[in-house]
Protein chains: 2
Amino acid sequence: MKDSNSLGLIVGEHPDRESWAHPDEAINLRLWLRLATCSTLIENALRGSMRADFGTTLPRFDLMAHLSRSPRGMKMSELSRCLMVTNGNITGIVDQLERDGLVERNKANTDRRSSVIMLTPEGRQYFRRLSEAYRARVAELFSPMDNEAQNDLFALLAKLKEAIRPQCQAINEAPR
Amino acid sequence: MKDSNSLGLIVGEHPDRESWAHPDEAINLRLWLRLATCSTLIENALRGSMRADFGTTLPRFDLMAHLSRSPRGMKMSELSRCLMVTNGNITGIVDQLERDGLVERNKANTDRRSSVIMLTPEGRQYFRRLSEAYRARVAELFSPMDNEAQNDLFALLAKLKEAIRPQCQAINEAPR
DNA sequence: TATTGTTATACTCTATAACTATA
DNA sequence: TATAGTTATAGAGTATAACAATA
């Protein structure tokens, strides 16, 4: 049986973030809302896994993931750019991970203002388990989609990213 | 000039959420991270616009958007499903909008447990201005991408949504 | 003067669980 | 018994702005 809203109209089996945009709306609006819906669905699933199985969060995972690829560490400002959040947030997340013994701060030799963040051996081991579960969950989620479609989608999203980046940058560099 | 990380390696002009996933990673992981990156870029841009120009937030916009398509109102539980968040959150957002005179709660005739949320005339007028700005911003962001690519992307995301939905639902219905 | 990172503040969103009032 | 919504709690992320240390 189909769901219906208060109007009694059929709105589809699964109302979600994009269901307010009718078919006559501009394709760009519908596209964005569908993108947001997919992203929310996946993010909710992954957040749940990370929390239930490891008691950790997505931003913490993201930060460790970047560190895991930079054996010699990363500066706070690099992490800020990679995670696409402001500097103060990175301080907070690094604080938590440091408290848990998963990362460490070291003063940079060249520039004494900046510190270099690295995974500790424990952090490295912990992240290995974490990322295994993460990868498994992502693989499971995407498994019903055939490989060709995934590759097409990957390529189209590259196009999209290229299209929006300059404008998003302009925003971030706007006067405040 | 290209950016480089602490290792001195070229990491691309614009490090972001997907830059830790190397080309030899599974396509599903790379795809998810790119999706997340695009979603974050756009969401940050829109959040900034909504905040700077109207002092409001994306969840509030989303909620009003759904209401704007349901002239006779929506139940709290319907809103919860549409925004893909839990019930308590909807109470909070509706509280704020009600305080600002943008929405109103009415008791349902049929079931006195539930209330029906509607935009007030002021809310309707306010949302019109809001959504104009929102649509313009989205249109601007997507404008460098040709229409055919947008349509292809839209269709592929439908496939993705169909693929992940059953699993995401299973999660939401799992015992707690 | 500009940059790196921290601190302090305030706000928003989020999930969970206990609760009420209805059904 | 089950459902609709609220309340209370706790925690996480976020931006902004002011600040210290260094470049």
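By convention in this document, chain letters (A, B, ...) are assigned in the order of the sequence lines, proteins followed by strands, and residues within each chain are numbered from 1. Only this structure's heavy atoms are used, side chains among them; waters, hydrogens and symmetry mates stay out.
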Qualifying salt bridge (Lys or Arg N to Asp or Glu O under 4.0 Å) pairs with a residue from residues 26-41 of chain A, counting only residues at least two apart or across chains:
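Every pair satisfying salt bridge (Lys or Arg N to Asp or Glu O under 4.0 Å) with a residue in residues 26-41 of chain A: A/E18-A/R34.
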Would you list the pairs meeting salt bridge (Lys or Arg N to Asp or Glu O under 4.0 Å) in which at least one residue belongs to residues 113-134 of chain A, sequence neighbours left out?
A/D111-A/R113
Which dot-bracket notation, 5' to 3', represents the base pairing of DNA chain D when pairs are defined as Watson-Crick or G-U with both distances under 3.5 Å, crossing pairs as [ ], and inter-strand pairs as |?
|||||||||||||||||||||||
Mind checking what makes side chain to side chain donor-acceptor pair (under 3.5 Å) contact with [X], not counting sequence neighbours?
X	value
A/D53	none
B/E140	B/R137
B/N28	none

Solution key, residues 88-96 of chain B side-chain donor-acceptor pairs under 3.5 Å, sequence neighbours excluded:
from: B/N89; atom 1: ND2; to: B/T86; atom 2: OG1; distance (Å): 3.1
from: B/D95; atom 1: OD1; to: B/R105; atom 2: NH2; distance (Å): 2.2
from: B/Q96; atom 1: OE1; to: B/R60; atom 2: NH1; distance (Å): 2.2

Sugar-phosphate means primed atoms, P, OP1 and OP2; the rest is base. With that split, encode nucleotides 18-23 of chain D 5' to 3' as B, S or - using protein heavy atoms under 4.0 Å.
---BBS
Does D/dA4 have OP1 or OP2 sitting under 4.0 Å from an N or O in the side chain of B/R81?
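The answer is no; no side-chain N or O of B/R81 sits under 4.0 Å from OP1 or OP2.
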By ring-ring contact (aromatic ring centres under 6.0 Å, His included) - contacts of B/F61 (at least two apart):
B/F127, B/Y134
Test of understanding: with side-chain contact (heavy atoms from CB on, under 4.5 Å), list the residues that count as partners of A/R135, not counting sequence neighbours.
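Applying side-chain contact (heavy atoms from CB on, under 4.5 Å) to A/R135 gives A/S131, B/W20, B/E25, B/L29.
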Can you list everything that forms a salt bridge (Lys or Arg N to Asp or Glu O under 4.0 Å) with B/D152? Sequence neighbours excluded, please.
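Listed in chain order: nothing, the list is empty.
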Polar atoms only, N or O, under 3.5 Å: list the protein pairs with nucleotides 7-14 of chain C and their distances.
from: C/dC13; atom 1: OP1; to: B/T57; atom 2: OG1; distance (Å): 2.5

